[in-house]
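Quick notes on the structure that follows.
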2 protein chains.
Amino acid sequence: MKATIYDVAREAGVSIATVSNAINGKGNVSKKRRDQIFKIMEQMNYQPNVNASALMGKKTYTLGLLIPDISNPFFAEIARAIEDEAHQLNYSVIMCSTDNKDERVERYIALLEQKNVDGILIGTGLDNLDILTSLQARTIPVVMIARETSALEVDTVVADDYVGGLMAARHLAGLGHRRIAILSEQWKVSSARERIRGFKQGLQDAQIPFDDDQIAICNYLIEEGRRGAGELLGRAHRPTALFCCNDVLAIGAMQEARRLGIKVPEELSIVGFDDTILAAVVDPPLTTVAQPIVNMGKQAFRLLIAHLDEADSVKKRIVLRPELTIRQSTAPAANISVE
Amino acid sequence: MKATIYDVAREAGVSIATVSNAINGKGNVSKKRRDQIFKIMEQMNYQPNVNASALMGKKTYTLGLLIPDISNPFFAEIARAIEDEAHQLNYSVIMCSTDNKDERVERYIALLEQKNVDGILIGTGLDNLDILTSLQARTIPVVMIARETSALEVDTVVADDYVGGLMAARHLAGLGHRRIAILSEQWKVSSARERIRGFKQGLQDAQIPFDDDQIAICNYLIEEGRRGAGELLGRAHRPTALFCCNDVLAIGAMQEARRLGIKVPEELSIVGFDDTILAAVVDPPLTTVAQPIVNMGKQAFRLLIAHLDEADSVKKRIVLRPELTIRQSTAPAANISVE
DNA sequence: GTGAAAGCGCTAACAA
DNA sequence: TTGTTAGCGCTTTCAC
């Protein structure tokens, strides 16, 4: 069986209180005792039982991470960033793929509560805000990552979607495109909304006209991207450039363009958003707005930790600047046709 | 504060033992009491504290999952499969990205032990077998998934790599290829070794000669695939087909072929292994040997659970049949050149 | 500097 | 059928 604090105490000829103090650097334990105790712990291969100490109101050193789907590269990369940051401070993270279903969210949260996690990172959409309020009522720290929630006061870290959209528009405008369309995720996804708002602003800045019927709405799936792009590209005066709200949609668009015999980037420029591994792997490599994923993970974790220590600091909202990664799916507009 | 079993007991006017019995369906609690207690639990929003009950030797309902990197699509897909299976039985899974470093493996395992996980799923290479033995000494259940360990007696679930290699060879042979090369992972990766063994057998069955200098060894990285492919394709009498030990390498090979102006599949057929999302997304879509990922996750979890219940059942090794997914990166050999 | 004892939320004998 | 009680492994007063 595993050694307990009692075993160590007995072996060292001291009381468990002294062992506990030695471990936690509390009280006053003489150097001699400390060293002796540590030596014995090593010998016995003693590891304090986190759950037991959690019972006394200490931390469990366990976090929950809610995301739509760990098998989606964007979220997998987020998860890795968080995991690395957490691991440094001895935290473990429990993964919870919600499929964006509130019912799954609730189940997962209930489970996490039972396990007394120290905090929860939420990177999934939350239709039902009651979930958050009840979490806050129970004073379990929450930070949102890569997603926002309008109503509640929650710590949040996101990329600046608006600026990302702006960057994409500037890039396309700079290449001389004037007939541009957008492939968007559901309107209710706030980040998509912001990206498009920024994109439109960018177009406007460049005095490029834009009409909302140039937006196709899709779900977060490659085949949806194909469908949406098909709709847009099938029109009479088809666009020379496409802004897609994420890489997955952009890939769908690339596939559809190929199917239609439209060359990317010669006849159609495509820009994505996220800069996941997928963007680097497709052909041509995708020009895309890169979210600072690693940094987001780091900030989110830090925010959560800060919350554990200082009772309740004022809620922060950290907005990180995205960056345009120019690859080969965009090129100058062939000829600026007079409409 | 969160309600405890005492609160419920007080409210219901019974003892905590009765509440406990009601919850766990133990002892004899009258229907009336049961119902009353459950109603009160609901009212108070009571959730039993898993950690406390774990202290009494019950399960923690938490598992550890060791994989090289959650941001790698193959492992992310494995993780998702396991998570889904686990979630159904109220288990949580802690993700541990090891980067294949033994030092990280050890740290993670120590952490998992402190948290009293019920079991550990290992999908990462293990150079140091002592890790496993010490785990077994502490009687914490382990099952290997998608990786093997020679020495130890451990429950294992893997795809049949040998057969997978065989399938790839048959496919290529059937298309008339005769000059075939291999892009392999490090020799010490046992699955790679098996895949190649199967592949060679397949070639032999088809009476296609093969020499080991047609194998390039790479690490698990796209750029490594490029390098390895470059080496193979730069030779005088270059191969008309390439078998790659995994999708990532295959993608590197595709990129290198493109750089060299070699058309896939017209001038070069490529087959990968794993069938991750990447295979579906590249252009041309990759013909690849699909590992039955979802099923592997399911079996691995079941094996682990079985271990928790029956003290120590005999060690099993479950081998799942892979499947060839034919897409567009393979085509008939242009002309069977006489050498 | 060190230890005795109470208690965290729960389960499991054993009594009643 | 229900309650009393003694832990599980640990932290934390509070004496000594």
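Below, chains carry the letters A, B, ... as their sequence lines are ordered, and counting in each starts from 1.
If you measure from atom CG of B:N49 to atom C1' of C:dG7, you get 14 Å, rounded to the nearest angstrom. Atom CD in B:Q47 sits roughly 11 Å away from atom P in C:dC10 (whole-Å rounding). Distance B:M41 CE to C:dG9 P: 17 Å, rounded to the nearest Å. Between the CD atom of A:E113 and the P atom of C:dG9 there is a distance of 15 Å, given to the nearest Å. Here the P atom of nucleotide D:dT1 and the NZ atom of B:K32 are 13 Å apart, to the nearest Å. Between the P atom of D:dC8 and the CG atom of A:L55 lies a distance of 14 Å, rounded to the nearest Å. Rounded to an integer number of Å, the gap from B:D7 CG to C:dG9 P is 8 Å. Remark: P of D:dC10 and NZ of B:K115 are 15 Å apart, rounded to the nearest angstrom.
When the side chain to side chain contact (heavy atoms under 4.5 Å, CB included) test is applied to B:L112, the partners found at least two apart in sequence or on another chain are B:L66, B:I94, B:C96, B:V117, B:I120. By the ring pair (Phe, Tyr, Trp, His ring centres under 6.0 Å) test, A:F75 pairs with no residue at all, sequence neighbours left out.
In this structure, the side chains of B:L63 and B:F301 come closer than 4.5 Å at one or more pairs of heavy atoms. Within the 4.5 Å cutoff, the side chain of B:H87 has no heavy atoms near those of the A:M95 side chain.
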Show every donor-acceptor pair shorter than 3.5 Å between a side-chain atom in residues 51-58 of chain A and any protein atom, with sequence neighbours excluded, or say none if there are none.
| unit_1 | atom_1 | unit_2 | atom_2 | d |
| --- | --- | --- | --- | --- |
| A:N51 | ND2 | B:K115 | O | 3.1 |
| A:S53 | OG | A:V50 | O | 3.3 |

Check residues 38-48 of chain A and write down every donor-acceptor pair under 3.5 Å in which the side-chain atom is one partner and the other belongs to a residue at least two apart or another chain.
| unit_1 | atom_1 | unit_2 | atom_2 | d |
| --- | --- | --- | --- | --- |
| A:Q47 | NE2 | B:A110 | O | 3.3 |

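Neither OP1 nor OP2 of C:dG1 sits under 4.0 Å from any side-chain N or O of A:R33. Remark: B:S15 is in phosphate contact with D:dG3, judged by side-chain N or O atoms under 4.0 Å from OP1 or OP2. Dashed line: the shortest gap from a side-chain N or O of A:T18 to OP1 or OP2 of C:dG3 is under 4.0 Å. Between B:S30 and D:dT2, a side-chain N or O to OP1/OP2 separation shorter than 4.0 Å is present.
When all heavy atoms of A:V154 and A:V143 are compared, the pair lying nearest together is CG1-CA, 4.4 Å. Minimum interatomic distance between B:S15 and B:A9 (heavy atoms only, all atoms of both residues): C-CB, 3.8 Å.
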- Would A:E148 and A:R317 satisfy salt bridge (charged side-chain N to carboxylate O under 4.0 Å, His left out), going step by step from the backbone distance to the final call? CA-CA 10 Å; A:E148 305 218 44; A:R317 182 160 176 282; 2.8 Å; yes
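The rotation axes computed at either terminus of the helix from C:dG1-D:dC16 to C:dA16-D:dT1 lie 40° apart, taking five pairs at each end and rounding to 10 degrees.
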- Item | Sugar-phosphate or base contact per nucleotide [nucleotides 11-16 of chain C; S, B, -; heavy atom under 4.0 Å] | BB----
